[in-house]
Amino acid sequence: MAGDQKPPNTGGSGDVPPGAGQGWTALSYLIGGMLVWGFIGWLVDRWLDTGGVATGIGIVLGMAGGIILVVRRLGTPT
C-alpha cells in the first residue's frame, strides 16, 4: 500500500551514507585529495623547476587532508 512506504531520504549534510557508500566516500576523498594537491604541487614544480619535489609533497599533503576529511565526515570506526 502507498501508506506503508518510507519517505525518501532528504540528504541533509549530517547524513552518513550507509554500507558501501561510506567506502566510496572515503575512497573519493583520498583520491581527490591526492589528485588536487598533487596537481597543485606539479604546478609549483613547473613554476619553480624543483624536479618533482613539490609534486611528492602535494600528494602526501593531499592524502593527509583526505584522511582528515574521512575522519570528520564518517567518524571513527565503532
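Counting from 1, the numbers follow the sequence of the chain as shown.
The shortest heavy-atom contact between Ile59 and Gly38 is CG1-CA, 3.8 Å. For the pair Val44 and Ala54, the tightest heavy-atom approach, listed with the atom from each and the gap, is CG1-CB, 3.8 Å. The minimum heavy-atom distance linking Leu30 with Met63 is given by the pair CD2-O, 4.0 Å.
For the atom pair CZ (Arg46) and OG1 (Thr55), the distance works out to 10.0 Å, reported to the nearest 0.5 Å. Atom CD1 of Ile57 and atom CG of Asp45 lie 8.5 Å apart (nearest 0.5 Å).
Both Trp24 and Ile31 belong to a single network of hydrophobic side chains, linked directly or stepwise wherever heavy atoms of I, L, V, M, F, W or Y lie under 4.5 Å apart. Placement of Leu27 and Val36 in two distinct hydrophobic clusters is found when ILVMFWY residues are connected by side-chain heavy-atom separations under 4.5 Å, directly or transitively. Both Leu74 and Leu69 are assigned to one and the same hydrophobic cluster, defined by single-linkage of ILVMFWY side chains at heavy-atom distances under 4.5 Å.
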